[in-house]
Amino acid sequence: MGLFDKVMNGGLMNVIRCDEPSYLIWKWRPEGDEAKRENAIRMGSSLRVKDGEVAVFVYKQANGVLEDFIEGPYDGIIETKNFPVLANIVGVGYQGDTPFQAEVYFINTAGLIQVPFGVPYFDLFDPRFQDFSVPTAVRGSVTFKITDYKAFVKLHRLVEFSLEDFQEQVRDKVVQNVKGIVANIPTETGLPAVQIERNLPMVNTVAQANLKAALEPIFGIDIVTTDISSIELDKTSAGYQELKKVTQDVTTATVQAQTAASVKNIADMQRINAENLQETLRIQREEGQYATHLQTQSANMAAFQVGAQTEVGVAGAQALGQMGAAGGASMNGAGGMNLPGMMTGMALGGVIGQNLAGTMNGMMNPVQNMATNAQGMVPPPVPTVAYHVAVNGQAAGPFDMATLGQMAANGTLTKDSLVWKQGMPEWTAASNVADIASVFATPEMPPIPENN
């Protein structure tokens, strides 16, 4: 009786587990005569799957290959209720401990597989200088793991799986893609070819994204990291020497142009600032001169008023003096000199001059007030009483009381002279106006004391 018969009649039970310390795909084989027993797994055998593992039962049927997947952690007995596919394979005529044919593979979903690679020398071109090529080599590694194990099983045959062969397939694809990535980076990023070895982080970032998109759909793996450790340019080659030279020339010219532009900008800013300062000083100077002029005008306003009053008074005296002389000649009927008329004209001229000067002073007051108001408010002038006087049939004045007193003193104004002011219904003799009557009062001379 063979070993298979012993199994059929209640012989050995199988313990299915993986004790390999490092693996990606591992095929389970029972102890003993493998040729007779590896496909005859007894119902009721023990199955142990660790965390991070998947046990794959592969059944070869006439209509194809079927799989059952048991994810770890799992520790139990093989029964049809635990294996949906197995329940359909085992016939109803067999007992519960009937052996069944299947191959068992363990897939490591937790372990990382690192594949080193090296890209032999190839020509690297700078897009700005296509005439010069630099021999370039790349070294590094990729690390991957199996995440979607069902997709992995569909893409690869588990039977006679060789990790070395699988790694070699991955390596070939990595080399092909990395070569294209490094060759295209100068064109895609504008990075000078002679500077590519100093930009490994950027190259790794581009390579990681590229390899994930290119390898994961093909191999059913998850690219965890891409590490391009070195990009080696053949610095002894003629292409490198020529490219280095022209690149340095371009860099030098760029730096010189930037420096010249910076110097020009500085010079322009200095010129603009100088012009602005000069214009500011000119405006300040003109404003200062104008302010000084206003201050001078304000300080000399009083002298200007006195001069104006003098000129107006003289002109008025001359004009009215001539009028008085003419009037006297008319009264005498001859061309002789009329001293009383001249005196009267001069007196009236002086009085009119004073009044005109007072009017001028009133006209000047707003200008003076503009300067005075800068220091503080001033009170308005005290109102005065003024009368018009009839002289030779003409109205003269108005004259304030001080002027009327002077006129009474020199005889120009008498008690019979007609006077008028605002509010009076008609002209009235000066002696009948209470305000003016006082100017005619002659103080009584006191007696001369007697000598003892």
Side-chain angles (χ1 to χ4, degrees), residues 20 22-26 52-54 56 69 71 105-128 130 133-158 160-235 240:
E20 292 294 316
S22 177
Y23 72 98
L24 180 64
I25 303 294
W26 181 78
E53 291 181 341
V54 177
V56 185
F69 299 92
E71 295 184 5
Y105 296 88
F106 284 84
I107 300 177
N108 186 354
T109 59
L112 299 176
I113 305 300
Q114 187 178 67
V115 178
F117 66 88
V119 182
Y121 281 103
F122 61 95
D123 288 335
L124 179 66
F125 291 90
D126 192 308
R128 300 171 300 171
Q130 294 287 350
S133 63
V134 181
T136 305
V138 183
R139 303 182 188 280
S141 64
V142 293
T143 303
F144 66 88
K145 65 179 181 179
I146 298 175
T147 301
D148 188 352
Y149 54 84
K150 292 184 179 181
F152 181 82
V153 170
K154 290 180 180 180
L155 292 172
H156 308 282
R157 295 182 59 188
L158 296 179
E160 304 300 333
F161 177 83
S162 170
L163 179 59
E164 290 76 12
D165 293 342
F166 184 73
Q167 288 178 316
E168 191 63 30
Q169 295 173 13
V170 173
R171 182 180 294 108
D172 291 343
K173 197 67 175 178
V174 169
V175 169
Q176 176 183 350
N177 280 269
V178 168
K179 178 180 178 180
I181 293 169
V182 174
N184 291 327
I185 278 181
T187 301
E188 295 176 353
T189 65
L191 182 68
V194 296
Q195 298 180 11
I196 193 171
E197 58 185 344
R198 298 201 300 259
N199 289 270
L200 286 180
M202 181 269 290
V203 177
N204 274 304
T205 299
V206 176
Q208 172 76 2
N210 186 285
L211 291 179
K212 286 181 70 68
L215 273 65
E216 290 183 355
I218 298 175
F219 295 103
I221 58 177
D222 181 15
I223 302 295
V224 179
T225 58
T226 300
D227 179 21
I228 297 179
S229 57
S230 66
I231 299 177
E232 302 173 4
L233 303 180
D234 185 2
K235 298 180 181 180
Y240 178 85

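Predicted model only: the values in this text are computed from it and were never measured.
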What I'd like to find out is whether the side chain of Asp222 reaches to under 4.5 Å of the side chain of Ile146, using heavy atoms alone. no

Closest non-hydrogen atom pair between Ile181 and Ala207, with its separation: CD1-CA, 3.6 Å

For Lys212, does the NZ atom sit with more than 12 other heavy atoms under 6.0 Å from it, leaving out its own atoms? yes

Could you report the tightest heavy-atom contact between Leu233 and Ala193, atom names first, then the distance? CD1-O, 3.7 Å

Nearest 0.5 angstrom please: Asp148 CG to Thr109 OG1, how far? 11.0 Å

Taking the side chain as every heavy atom from C-beta outward, state whether Leu163 and Tyr23 have any pair of such atoms under 4.5 Å apart. no

Checking Asn204 side chain against Ile228 main chain: does a donor-acceptor pair fall under 3.5 Å? yes

Has Arg171 got more than 12 heavy atoms of other residues, nucleotides or ligands less than 6.0 Å from its CZ? yes

Can you classify the ring geometry of Tyr149 versus Phe69 as parallel (below 30°), tilted (30 to 60°) or perpendicular (above 60°)? tilted

Centroid-centroid under 6.0 Å between Phe166 and Phe219 rings: yes

Please round to the nearest 0.5 Å and tell me the distance separating atom CD1 of Ile113 and atom CG of Asn108. 6.5 Å

Could you walk me through whether Phe144 and Val115 pass the side-chain contact (heavy atoms from CB on, under 4.5 Å) test, one step at a time? CA-CA 8 Å; Phe144 66 88; Val115 178; 3.4 Å; yes

Which value, rounded to the nearest 0.5 Å, describes the distance between Asn177 atom CG and Phe117 atom CZ? 10.5 Å

For the residue pair Lys173 and Leu215, what are the closest heavy atoms and their distance? CG-CD1, 3.6 Å

Spacing of CG belonging to Asn184 relative to CG belonging to Asn210, to within rounding of 0.5 Å: 9.0 Å

Backbone N or O of Pro192 within a donor-acceptor pair of the Asp126 side chain at under 3.5 Å? no

Side chain proximity check, Phe152 to Ile25, heavy atoms < 4.5 angstrom: yes

